[in-house]
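The block underneath contains the structure these notes are about, expressed in structure tokens.
Below, read A as the first sequence line, B as the second, and so on, with proteins coming before strands; counting in each chain starts at 1.
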Amino acid sequence: MKLIFEKSIPGRDGFSLPSDLFEEIEIDKDIPEDFLDKNKKNLVEVSEVDVIRHFTKLSKLNYGVDDGLYPLGSCTMKYNPRINEKMASLGQFTHAHPLASIKMIQGSLEVMYQLNLLLCEITGMDQYTMAPASGAHGELTGNLIMRQYFVDHGEKRTKMLIPDSAHGTNPASAAMAGFEVIEIKSTSNGTVDLDALQNAMDEHTVGLMLTNPNTVGLYDGGIESIERIIHQKGGLLYYDGANLNASLGIMRPGDVGFDVVHLNLHKTFSTPHGGGGPGAGVIGVKERLIPYLPTPIIDYNANEKYFYLKDNGEKSIGMVRSFWGNFAVLVKTYAWILSLGPEYLYQASKTSIINANYVLKKLKKYYKPAYDQYCGHECTLTGREYKKYNIKTLHIAKRLMDYGIHPPTIYFPHFEPYAEETIMIEPPESESKENLDEFINVMIQISQEAESNPEILLSAPHNTPIGKTDDVLAVTKPILTYDDELRSIEQEK
Amino acid sequence: MKLIFEKSIPGRDGFSLPSDLFEEIEIDKDIPEDFLDKNKKNLVEVSEVDVIRHFTKLSKLNYGVDDGLYPLGSCTMKYNPRINEKMASLGQFTHAHPLASIKMIQGSLEVMYQLNLLLCEITGMDQYTMAPASGAHGELTGNLIMRQYFVDHGEKRTKMLIPDSAHGTNPASAAMAGFEVIEIKSTSNGTVDLDALQNAMDEHTVGLMLTNPNTVGLYDGGIESIERIIHQKGGLLYYDGANLNASLGIMRPGDVGFDVVHLNLHKTFSTPHGGGGPGAGVIGVKERLIPYLPTPIIDYNANEKYFYLKDNGEKSIGMVRSFWGNFAVLVKTYAWILSLGPEYLYQASKTSIINANYVLKKLKKYYKPAYDQYCGHECTLTGREYKKYNIKTLHIAKRLMDYGIHPPTIYFPHFEPYAEETIMIEPPESESKENLDEFINVMIQISQEAESNPEILLSAPHNTPIGKTDDVLAVTKPILTYDDELRSIEQEK
Amino acid sequence: MRYIPSTEKQQVEMLKDIGVSCFEDLIQNVPKKFRLDKPLNLPPALSELELEEKITNLAKKNTDFYSTKPLIGAGAYRHFIPEAQKSLLQREEFWTCYTPYQPELSQGTLQSMFEFQSFIARLTKMDVIVPSIFDGASATAEAALMALRLTHRNKIIISKLIHPHYLKTIYTYLAPHHIEIIELPCQDGLTQMKQLEQILDESTAALIVQSPNFLGGIENLSQFSEMVHQKKALMIDIIAESMSLGILKAPGDLGVDIVAGNVQSFGMDLNLGGPYNAFLATKKQYIRQIPGRIAGETKDARGNRAFVMTFRAREQDIRREKATSNMCTNHNLNVVAANIYLSLMGTEGIYQYALLNAKMAHYLEKKLLKSGKFEKIFNYPYFNEFLIQYKGEIEELNQILSNHHFLPPLAVYPLIPEKKYENALLFAVTEIFNRNELDHITSILS
Amino acid sequence: MRYIPSTEKQQVEMLKDIGVSCFEDLIQNVPKKFRLDKPLNLPPALSELELEEKITNLAKKNTDFYSTKPLIGAGAYRHFIPEAQKSLLQREEFWTCYTPYQPELSQGTLQSMFEFQSFIARLTKMDVIVPSIFDGASATAEAALMALRLTHRNKIIISKLIHPHYLKTIYTYLAPHHIEIIELPCQDGLTQMKQLEQILDESTAALIVQSPNFLGGIENLSQFSEMVHQKKALMIDIIAESMSLGILKAPGDLGVDIVAGNVQSFGMDLNLGGPYNAFLATKKQYIRQIPGRIAGETKDARGNRAFVMTFRAREQDIRREKATSNMCTNHNLNVVAANIYLSLMGTEGIYQYALLNAKMAHYLEKKLLKSGKFEKIFNYPYFNEFLIQYKGEIEELNQILSNHHFLPPLAVYPLIPEKKYENALLFAVTEIFNRNELDHITSILS
Ligand SMILES: Cc1ncc(COP(=O)(O)O)c(C=O)c1O
Ligand SMILES: Cc1ncc(COP(=O)(O)O)c(C=O)c1O
């Protein structure tokens with residue numbers, strides 16, 4: 001498809017100006033010539049109609065949750081309710097300036113305050129910060145909180161334990177927080193090796209970052225021992241809540257003993273992923289860690305009955321971003337929780353667990369499961385049987401597209417013994433049995449194609465707007481802007 | 001694609017209920033059993049997610065102006081500005097009850113009042129009614145006004161003159177108003193045969209309904225004579241304004257002598273067609289016809305400074321619909337006129353006339369024009385040359401779809417000598433030269449295909465969501481509802 | 001200008017390509033004396049920001065209707081509309097396209113029409129549905145014209161209790177056609193049946209009754225149908241509040257021949273009265289006399305199910321003055337709106353909402369009566385709208401309700417100026433209210 | 001429940017197919033003692049109508065910000081956003097999709113990223129653009145970390161005049177890394193250059209300056225760059241008000257090595273502070289140390305142009321603890337938003353808007369000075385934000401402005417508690433104002 005730049009025509013425009021342009025002000029008298037650009041920045045010249053058609057066409061090259069099943073493991077691609085979008089787009093919210101006086105933003109503050117209470121009840125934590133913009137941002141925030149806690153307590157702890165099954169953001173976040181990452185191997189059951197954990201945990205170790213159910217979709221049955229091992233050595237337990245969609249109304253990380261929790265509101269709580277964000281990765285902590293939370297915290301003055309932004313004091317890690325949080329995302333979360341209430345929050349998790357186990361059961365004959373046990377809200381299969389036909393899970397994924405289904409996660413988990421050959425399927429509660437049955441049938445069909453006609457998988461996808469992409473070329477001959485492209489065309493001449 | 005009914009699963013739901021259902025009220029005590037349906041009406045049982053996906057998918061089977069060129073002759077498929085939609089969706093407008101007291105709806109009334117003034121200036125008329133819901137509805141209204149005028153003046157006029165080139169709604173509307181339709185032949189120039197008109201016009205004739213430029217895109221050069229002929233015999237001149245997009249700031253029907261004008265706000269004034277409406281076919285009249293307009297009329301009390309709905313008195317034709325007009329459409333029209341102002345209204349017409357003549361010039365070698373002269377905002381070509389290959393314009397139209405372009409109008413105009421072989425192309429001002437060039441190239445390519453590979457036209461379209469439809473089957477074996485389909489499946493068994 | 005992509009330079013090029021030296025050469029057929037020689041006298045173009053501020057300020061001159069819940073219905077009902085519907089309707093493919101003349105590029109619209117027809121067929125138990133006539137009034141008039149064509153008779157009997165605007169519209173539409181129109185009066189809030197027997201005869205084309213009628217009363221349609229059919233006339237049922245179909249017997253079960261139904265309640269905003277939408281429904285044998293567009297199922301060249309507009313030979317673009325109607329543009333986007341709405345609501349939703357409407361209306365009526373400030377006028381069965389006598393000053397009641405952000409009920413007297421209605425109020429209650437609000441209304445009026 | 005399609009009956013079937021007798025069998029790995037034995041203590045589910053009313057009422061507890069134009073900026077600017085952009089952003093394909101890991105189903109997102117990168121490259125005259133870091137603050141911190149990785153040095157010099165939140169965020173991000181951070185003070189509204197010479201040395205990784213700075217002043221970036229480059233350190237430029245790029249020299253022309261730019265001004269609502277978006281821009285040679293996602297052009301199997309995420313080896317999902325950042329989810333939808341906005345505005349629009357902003361700000365400043373109630377503090381060049389001394393009571397000024405529906409300017413003292421700022425106000429002016437309003441503001445404050 002053409003780039004917007006390739007549609008540019010000199011003299012065309014897509015904006016409107018008021019009639020009064022303050023012509024009498026001569027700006028070059030006020031701003032020294034040295035600072036002003038003599039030339040207009042060369043961007044593009046297109047009309048509103050051009051823009052509408054360009055982006056309408058671009059949109060149709062995308063596949064969203066509204067287009068069908070999107071069973072990306074570890075991503076919780078669930079339905080994003082429309083009413084939430086509407087609530088977040090109310091003018092009093094969208095036009096609220098973050099530095100307006102608190103009496104002008106009482107409504108917004110109340111939303112954040114109430115959301116904190118709801119999330120605390122759902123997870124068993126004592127206080128949330130709404131600041132972090134994503135899961136990883138929350139992880140960094142959480143790690144810095146833990147770091148600060150130990151600094152404050154005069155303890156020197158430098159290592160962070162992380163299971164090999166963890167999402168890549170966990171080690172990356174711990175590293176950003178200055179910790180040495182110690183990888184804890186998983187057992188062949190896919191869960192934390194308790195002996196390895198016991199051996200690794202010591203007084204120089206901050207604690208453990210755990211996802212539960214973990215990133216292969218398994219509840220860790222050893223959770224009690226894990227908790228004991230970490231806390232016995234004075235460590236802190238971090239809960240990566242990206243998989244909370246298996247736990248709503250079933251288990252609360254706070255009850256289990258987790259000290260720090262991050263939630264991916266853009267997963268469990270139905271806010272849209274937006275093609276890569278924005279989301280929100282709020283962090284909840286137990287009482288003793290509250291002083292370290294980023295500043296400010298939303299609080300309520302019960303005497304004078306108003307909400308306000310409270311400076312979190314000297315022990316706070318400070319700020320992790322500008323302003324107070326991804327407010328628009330928080331409104332959507334709030335709306336979703338109120339729409340489901342306790343009963344349907346539980347139903348959401350229950351349904352997603354049943355969905356995942358149903359898919360696991362129906363497909364295990366065709367794609368050997370990574371672990372032979374019931375799963376949480378997602379299941380991990382493998383494509384090992386098809387290696388002999390030269391088929392990798394990548395090919396299975398691409399072939400799924402031909403059937404109009406978005407592929408599950410395949411690049412992850414990446415740890416032995418299943419590296420590269422896993423297929424992580426997460427069918428959240430918003431997927432119906434019929435959709436799952438269709439997916440199952442297609443997956444079975446593909447397994448048969450892998451044997452009978454591997455070529456059709458190897459050359460897939462065939463029915464998508466573009467064919468398989470050459471990822472290597474994008475690195476060896478980098479073209480990162482339209483001007484790069486123009487230069488490369490110039491060079492080829 | 002599946003029907004929504006085929007996605008129904010017992011027990012599934014897509015709505016929400018408050019918790020308080022007033023259980024204590026026993027409705028069968030208040031409404032006699034005879035009137036209540038013992039069974040729930042069997043509709044469908046689907047979830048919100050199902051509905052979102054169903055209609056998202058359905059939408060993608062459609063082609064809209066935002067998807068590309070839509071050069072439907074006589075339809076003015078121009079860009080529908082987004083800001084207009086937003087203005088029409090302001091809560092104070094959308095939730096306004098039509099029977100609220102006038103002091104509560106001053107804003108809405110002011111919009112209608114101001115719009116009347118703007119339309120009067122643009123067309124040279126004295127007063128508009130906002131009531132008619134469509135062009136045809138306006139035509140009926142206009143015809144009834146003319147009828148009432150003559151009744152009031154004690155004249156018995158029963159015939160209405162209509163050029164053979166007129167849109168089908170014109171004769172149909174005149175017939176609904178009780179008039180006998182007298183068709184006036186066009187000359188070989190495509191315009192009104194003045195002799196025929198002179199012969200037909202008499203004291204028993206209401207007048208003439210004229211489109212100008214007419215529906216083959218030609219300004220009628222004989223307009224002065226036409227006006228004289230009709231008015232000399234005491235008749236009234238009706239202007240079908242569906243083609244006003246050629247005249248903004250260029251010519252005003254009121255100045256020419258038209259007594260009644262209808263405007264298709266959903267054509268000239270950029271409000272969307274919505275897959276067949278809603279539009280608005282407002283009617284403007286000269287002073288002497290104001291008393292006959294439908295009731296009420298929006299008026300302003302200058303003393304007490306308020307807008308109100310004025311009963312239009314005894315001579316009014318009455319009401320042609322419930323309430324006051326398609327208000328949401330009126331807001332969009334108002335927004336468009338204010339956005340363009342006098343300069344760009346003129347530019348809109350000028351550009352669309354240049355566009356049409358450009359297409360005409362570039363294609364006349366390949367598709368013989370119906371009339372060899374400059375056109376207004378649309379041009380009429382023919383596909384006669386390709387009859388020898390068994391190719392009809394229908395096939396050319398379907399083949400255009402394969403190139404991602406919506407076909408021009410081909411079923412119309414239907415009058416001799418070009419019946420069925422015309423192609424009416426209307427490229428409004430929102431189409432760029434590049435889009436027209438692309439269209440021209442495709443049309444030329446198709447003309448070559450018609451000679452070299454007629455089969456590809458005959459079997460077109462190939463790249464559309466569905467293939468060519470069997471319109472006859474739809475009549476011989478009518479299936480008009482899902483239950484019809486179920487019954488027909490049942491019968492086939 | 002952002003809506004006009006072609007630049008001055010391009011236009012000069014195009015004029016050159018066309019072979020003229022200036023634009024004026026192209027409009028030589030417009031007599032010079034009619035050509036405008038100066039710009040239209042209109043306000044100069046506004047920027048989008050200026051426009052938005054101007055129109056938003058106009059909107060603010062209205063009451064804040066969002067927060068003002070209406071106790072008035074009278075043919076325009078505020079029901080709750082799920083955001084899922086509004087959001088789907090914003091897909092450009094639905095609203096920037098034309099009438100589906102080219103089915104290969106219009107299956108979205110056509111299937112939507114077909115599905116809506118199917119819904120209405122099930123709700124009304126009729127066979128053939130025309131999905132879009134402009135509104136209840138024009139649909140009523142079209143139904144009358146249809147009955148005249150079908151029966152070749154020239155008398156129409158109408159209940160006085162059909163919506164006053166519908167009534168006026170019938171008169172306007174029938175004015176040219178030398179039709180005898182007879183009105184049946186009201187008795188106890190319902191259309192008088194006695195008088196009908198005397199009026200009904202072999203020249204009667206149809207009887208038109210609205211149910212629930214304008215004053216809320218549920219009419220005894222099956223009895224009317226029986227009487228009408230004895231004279232081989234047609235029974236036409238008008239529905240202004242389509243939500244009532246959720247719990248009331250379907251007209252198809254009551255002997256009705258033609259239904260004209262306003263479906264504004266199925267997912268359309270009030271919008272000061274328009275655009276709404278109405279359907280026409282009839283029996284299969286009458287299909288060739290029905291006006292308006294119909295979608296039908298067929299097959300495409302690939303053998304798959306496809307939808308087209310069908311029975312087109314009735315329409316103006318083919319039959320011109322002999323068409324069953326002049327309708328061309330209709331309210332098709334509202335068909336999509338209603339279709340999405342009905343899909344979301346489904347079997348259970350429409351039933352529950354209708355039931356809730358009825359219960360809440362009866363709850364409010366009982367409460368008001370109990371308050372002592374109101375009195376019953378009729379003893380009729382009703383759905384979600386009831387007429388009641390107010391013992392105080394109506395002006396005062398309007399003031400109180402407005403102050404508390406409620407849109408007052410309809411005072412019917414100005415519309416039906418009969419003495420007994422002087423203090424009569426027509427209350428409509430829908431699911432947008434809750435018990436607190438209904439109690440609050442009662443208490444501020446007591 | 002409308003968001004959960006599977007019915008109880010279906011779930012029973014599925015459990016049977018799975019081979020368990022009840023749901024609890026599936027969660028046996030959750031220790032019984034941790035399983036909740038009663039429902040969460042949360043309010044019961046609300047219907048959509050109830051929800052909408054509840055949240056709308058909360059929103060109303062805010063000021064009516066739509067009609068309250070802000071004279072405050074300070075890192076969050078209210079600019080006009082064309083409805084065309086808002087409307088396009090509502091296409092579900094843009095917002096209900098995931099990060100574009102599967103390029104064959106994500107060209108819409110990927111091409112949008114690429115186009116945005118191209119726009120920013122032209123606006124900044126830099127080579128490599130990361131289109132989405134969360135916001136200006138985190139982008140600033142990431143830029144600092146990047147400079148540390150690139151130089152293997154451990155000192156960062158920062159202008160005190162960068163946005164206070166950005167400053168705080170740098171401290172938070174750098175806290176674990178034993179970095180020396182030195183702040184350069186303000187002189188006449190600009191970052192002091194004198195002191196820099198003494199501080200700059202071979203251990204300096206980077207100098208971070210914001211321009212226009214937090215107080216509005218346009219910094220002399222080329223001079224800073226020159227000094228910094230003499231010590232082979234990196235020059236980092238922070239941009240909080242991206243609209244300024246419309247008329248100011250591009251950082252790429254001023255010797256800047258890394259730009260961190262908040263693009264909230266390019267089509268994002270204020271939203272109480274988030275989500276916004278920021279880019280990082282740098283020179284080609286630094287690409288392997290930049291954090292975040294980048295789209296690049298390549299070819300597909302059919303030989304056509306296609307876009308993918310590229311230089312992925314820097315990222316956490318591949319490199320884990322050795323990644324250039326932990327960033328995963330970012331603010332990619334805001335990239336689409338900015339891309340559409342910039343497409344609409346184009347060459348001329350961005351220039352004209354930026355010019356208008358500057359002119360209007362200077363117009364207001366002159367007017368306020370003339371009124372006699374205000375005094376100049378600095379004699380610095382600024383774009384659309386200026387610091388000015390108010391001679392009256394700030395509380396009073398706030399009251400007056402609020403009463404007239406203007407959001408007051410920022411009182412900087414609480415953020416920078418220095419005596420000279422006690423009565424200092426930071427005014428921001430954008431194209432959303434008009435002359436009448438600016439005159440009105442002046443007159444109510446005089
Ligand atoms: C298990 C897990 N943890 C953390 C994250 C990081 O969340 P985010 O993408 O919001 O940074 C993800 C996201 O995919 C995840 O799956
Ligand atoms: C010339 C002309 N007149 C009248 C009409 C009827 O307008 P509407 O479709 O709004 O009823 C049309 C519509 O296509 C038309 O082209």
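To the nearest 0.5 angstrom, D:Arg2 atom CZ is 11.5 Å from C:Met345 atom CE. A distance of 12.5 Å separates CG of C:Leu49 from NE2 of D:His79, quoted to the nearest 0.5 Å. Taken from OG in D:Ser47 to CD in C:Glu431, the straight-line distance is 9.5 Å, to the nearest 0.5 Å. The CD atom of C:Gln90 lies 13.0 Å from the CD atom of D:Glu92; values are rounded to the nearest 0.5 Å.
For the ring pair (Phe, Tyr, Trp, His ring centres under 6.0 Å) test, no residue two or more places apart in sequence or in another chain qualifies with D:His405.
Interface summary for chain D: among C:Glu52, C:Arg91, C:Glu83, the most heavy-atom pairs under 4.5 angstrom belong to C:Arg91.
In C:Lys60, the NZ atom is crowded: over 12 heavy atoms of neighbouring residues, nucleotides or ligands sit closer than 6.0 Å.
Looking at C:Glu48, both its backbone and its side chain come within 4.5 Å of chain D, counting heavy atoms on both sides. Residue C:Thr56 touches chain D through its side chain alone, counting heavy-atom pairs closer than 4.5 Å. With a 4.5 Å cut-off on non-hydrogen atoms, C:Glu50 does not touch chain D at all.
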